[in-house]
Amino acid sequence: MLVKAIEAEQLPVHPLLDERQYETFGIDVGVKQFASIANQKKGDSEILSLPDSIKLEQLNQAKFQWRNRNKQLGGKGKPPSKNAIKYYKKLAKYHCHMKNVRRDFIEKTTTNLVTQVKHVCLESLNVKGMMKNGKLAASIARQGFYQFRQRLTTKIVSSGGTVVLADQWFPSSKTCHNCGCINQELKLKDRTFNCPHCGIRIDRDLNAALVLSQYGEVNENARG
């Protein structure tokens, strides 16, 4: 079978890409801090935290639920009382307000990132699996990891950039960004990365972001 070749011009680079300061950001999301962002080549880094209003609203919601714990909330064949119905309506307002504040934070954060960087590299997290940890489930749900990745990916790709997802088993937290040594002794509770090979000491999440930045650079160069 004959295959006809056609001539095609290479698509131009999106004009918005030329205005951006950085090539690749590595982004490590976490429970302690919303995200650690770093660029390996220029050595710039930033820590993002959720707005205090979300944490305050969650605290107010917990107090509200505790104060109403003795109401006839329904279940086991019993209907909810009139006061319980009022309670459920107020509780829904708490959830709605927190959802809107988190959405606003994610929209503004992702828009700001897109104006600065051409490419990003994140970990492909198993959020559903992480939610099975009862001690972390509430904090993970509050962070909104999935929404953050979804909105960032949409904005980056639509403006001509790319998103690299590192495998969820990629040891970004255990790998030293300086020498590449993997610290197998690093535990989840350790917040500082100590490299047994080169001796560097650095915040665990910031180190992971720098490693992801390197991973993203390698992948972008391989594509080119």
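- The backbone N or O of Val164 lies less than 3.5 Å from no partner atom in the side chain of Tyr215, so there is not a single donor-acceptor pair.
- A donor-acceptor pair is defined here as one N or O able to donate and one able to accept, closer than 3.5 Å; such a pair exists between the side chain of Ser159 and the backbone of Ile156.
- Taking the six-membered ring where tryptophan is involved, the planes of Phe145 and Phe34 are tilted, since the angle between them lies from 30° to 60°.
- Checking side-chain atoms of Arg204 against main-chain N and O of Asp190 turns up a donor-acceptor pair under 3.5 Å.
- Here the closest heavy-atom approach between residue Phe193 and residue Cys181 is recorded as CZ-O, 4.4 Å.
- Under a hydrophobic clustering in which Ile, Leu, Val, Met, Phe, Trp and Tyr are joined whenever their side-chain heavy atoms come within less than 4.5 Å, directly or via other members, Ile47 and Leu113 fall into different clusters.
- Contact check on Arg191 versus Asp205 returns a salt bridge, with a Lys/Arg side-chain nitrogen under 4.0 Å from an Asp/Glu carboxylate oxygen.
- Counting heavy atoms from C-beta outward, Arg151 and Thr154 have side chains that approach closer than 4.5 Å.
- Salt-bridge annotation for Lys155 and Glu107: present, with a side-chain N of the basic residue lying under 4.0 Å from a carboxylate O of the acidic one.
- For the pair Asn39 (side chain) and Gly26 (backbone), a donor-acceptor distance under 3.5 Å is absent.
- Judged by distance alone, the side chain of Glu23 and the main-chain N or O of Lys118 form no donor-acceptor pair under 3.5 Å.
- Side-chain atoms of Arg69 come within 3.5 Å of backbone atoms of Trp66 as a donor-acceptor pair (strictly under, hydrogens ignored).
- Smallest separation of non-hydrogen atoms from Thr153 and Val163: CA-CG2, 3.9 Å.
- In this structure a side-chain-to-backbone donor-acceptor pair under 3.5 Å is present from Thr175 to Pro171.
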inquiry  = If you apply the rule side chain to side chain donor-acceptor pair (under 3.5 Å), what do you find for Thr162 with His119, and how did you get there?
reply    = CA-CA 5 Å; Thr162 57; His119 316 288; 2.6 Å; yes
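- Using the six-membered ring where Trp is involved, Phe64 and Tyr94 have ring planes that are tilted, between 30° and 60° apart.
- Under a 3.5 Å cut-off, the side chain of Gln214 and the backbone N or O of His177 do form a donor-acceptor pair.
- For the residue pair Asn60/Lys63, the side-chain donor-acceptor check at 3.5 Å is not satisfied.
- Looking only at distances, no side-chain donor or acceptor of Asp104 sits under 3.5 Å from a matching main-chain atom of Val101.
- In this structure, a donor-acceptor pair under 3.5 Å is present between the side chains of Ser49 and Gln33.
- For Ser172 against Glu123, the heavy-atom pair with the smallest separation is OG-OE2, 2.7 Å.
- Pairing each heavy atom of Leu186 with each of Ser173, the nearest pair is CD2-O, 3.2 Å.
- Within a 6.0 Å sphere centred on CZ of Arg201, heavy atoms belonging to other residues, nucleotides or ligands number 12 at most.
- In this structure the side chain of Asp203 never reaches within 4.5 angstrom of the side chain of Thr192, judged on heavy atoms.
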